[in-house]
Amino acid sequence: MSRLDDAVYALRSGRFIMIHDDESREDEVDLVMAAQFVRPRSVAEMRNMAGGMICLAISNEAAKIFGITPYGDKPSFSISINHIDTYTGITDADRALTINEMAKICTEMNNDGRDQFVRYFRTPGHVPLLIAAKGLIQERMGHTELGVYLMKLANLVPSVVICEMLDSETYKALNIRKAKEISIKRDIPILQANEIKQYNGLKR
């Protein structure tokens, strides 16, 4: 399980990893980072290296405490938010602030969580929220669930930033071959969804 170990170590170190879901599914590669470590530079790198929508995925448990519900089934998109201390909300600094502060209230999920969420966040905003399925990868193998599962595996706050990697030449999702080239060039661990699924199966 060295590839998975490398990815977990990278996440704990505040670095990016890549996750490829499955060729029979979306066949997309997402750039992923633990929300608690996101800085303005991280948001800028996601914009430039990945190019897709920068989303914050949170656990199903956190969403219930905060009173947030998805508006769709699959994927589980929900509201978009800004922290009250942001200016426009869209800058790299503002989005990093929103992500960091959301990660903080996801750290200790208690009865005050909903009050903190309502007090410190506004909607609509510039950070879309994704809500993981309750059973995570046993229920759904999306990037949302894969990301939150890895956060729990790494003993990190169960909130993760994910961004689809796009191809400016084909105008489609970046294929796995090109993603692997970037992975090697930038020393970013890349995981296949089935590797995570197999590890989860071994643990059960």
Side-chain angles (χ1 to χ4, degrees), residues 7-8 10-12 14-19 21 26 28 30-39 42-43 46 50 52-86 89-90 94-164 191 193 196 200:
V8 168
L11 290 169
R12 287 175 177 163
R15 295 168 49 211
F16 287 116
I17 70 165
M18 296 178 188
I19 302 176
D21 58 351
E26 291 179 336
E28 290 182 354
D30 278 21
L31 195 60
V32 176
M33 176 182 273
Q36 65 198 85
F37 298 128
V38 168
R39 299 293 179 265
S42 314
V43 178
M46 295 187 100
M53 185 178 290
I54 300 173
C55 299
L56 177 60
I58 63 175
S59 67
N60 194 275
E61 297 88 346
K64 285 186 177 179
I65 289 174
F66 303 150
I68 308 170
T69 56
Y71 66 71
D73 179 24
K74 297 177 181 181
S76 296
F77 275 95
S78 186
I79 60 174
S80 58
I81 60 171
N82 283 344
H83 188 268
I84 59 172
D85 289 339
T86 59
I90 191 60
D94 277 355
R95 282 193 278 183
L97 174 63
T98 295
I99 290 164
N100 284 160
E101 293 301 317
M102 190 64 178
K104 286 180 182 177
I105 67 169
C106 286
T107 303
E108 295 183 6
M109 294 180 290
N110 51 43
N111 293 330
D112 294 329
R114 183 182 177 89
D115 292 337
Q116 291 183 53
F117 179 74
V118 172
R119 180 178 179 182
Y120 294 112
F121 295 89
R122 298 289 180 264
T123 187
H126 295 85
V127 177
L129 295 181
L130 303 174
I131 302 174
K134 185 176 180 180
L136 291 178
I137 61 175
Q138 294 179 32
E139 184 175 335
R140 182 173 179 269
M141 288 292 290
H143 286 98
T144 299
E145 289 73 24
L146 292 163
V148 172
Y149 175 80
L150 286 175
M151 293 304 108
K152 293 189 174 186
L153 188 63
N155 292 317
L156 296 172
V157 179
S159 58
V160 59
V161 179
I162 63 177
C163 182
E164 304 99 330
L191 283 177
I196 303 171
N200 182 60

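For the single chain, residues carry numbers from 1 onward in sequence order.
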* **Stepwise side-chain contact (heavy atoms from CB on, under 4.5 Å) test for D94 and N82** => CA-CA 8 Å; D94 277 355; N82 283 344; over 6 Å; no
* To do: Give the intermediate values and the outcome of side-chain contact (heavy atoms from CB on, under 4.5 Å) for residues L156 and Q36.
  => CA-CA 8 Å; L156 296 172; Q36 65 198 85; 3.5 Å; yes
* Working for salt bridge (charged side-chain N to carboxylate O under 4.0 Å, His left out), residues K64 and E61 -> CA-CA 5 Å; K64 285 186 177 179; E61 297 88 346; over 6 Å; no
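To the nearest 0.5 Å, atom CZ of residue R140 and atom CG of residue D21 are 9.5 Å apart. The distance from the CD1 atom of I105 to the CZ atom of R114 is 11.5 Å, given to the nearest 0.5 Å. Going from atom CD of E28 over to atom CE of M18 covers 14.0 Å, rounded to the nearest 0.5 Å. Atom SG of C106 and atom CG of L56 lie 7.0 Å apart (nearest 0.5 Å). Here the CG-CG distance, from L191 to L150, works out to 6.5 Å after rounding to the nearest 0.5 Å. Taken to the nearest 0.5 Å, the CD1 atom of I17 stands 11.0 Å off from the CD1 atom of I162.
Side-chain atoms of M33 and V160, non-hydrogen and from C-beta on, never get closer than 4.5 Å to each other. Counting only heavy atoms from C-beta outward, the side chains of H83 and I99 never approach each other to under 4.5 Å. Residues D85 and Y120 form no side-chain contact, since every pair of their non-hydrogen atoms from C-beta on lies 4.5 Å or further apart. Put simply, the side chain of I65 does not reach to within 4.5 Å of the side chain of F117, judged on heavy atoms.
With T144 contributing its side chain and I131 its backbone, the two residues share no donor-acceptor pair below 3.5 Å. Side chain of N60 to backbone of A132: a donor-acceptor contact under 3.5 angstrom is found. A donor-acceptor pair is defined here as one N or O able to donate and one able to accept, closer than 3.5 Å; no such pair exists between the side chain of S80 and the backbone of P128. The main-chain N or O of I19 is found under 3.5 Å from a side-chain atom of H143 such that the two form a donor-acceptor pair. Although no hydrogens or angles enter the test, the distance criterion places a donor-acceptor pair under 3.5 Å between the side chain of E145 and the main chain of A133. At least one donor-acceptor pair under 3.5 Å links the side chain of R12 to the backbone N or O of A154. Checked by atom type and distance alone, the side chain of N100 never pairs as donor or acceptor with a backbone atom of R39 at under 3.5 Å.
Between F77 and Y71, the ring planes are parallel. Angles under 30° get that label, and only those over 60° would be called perpendicular.
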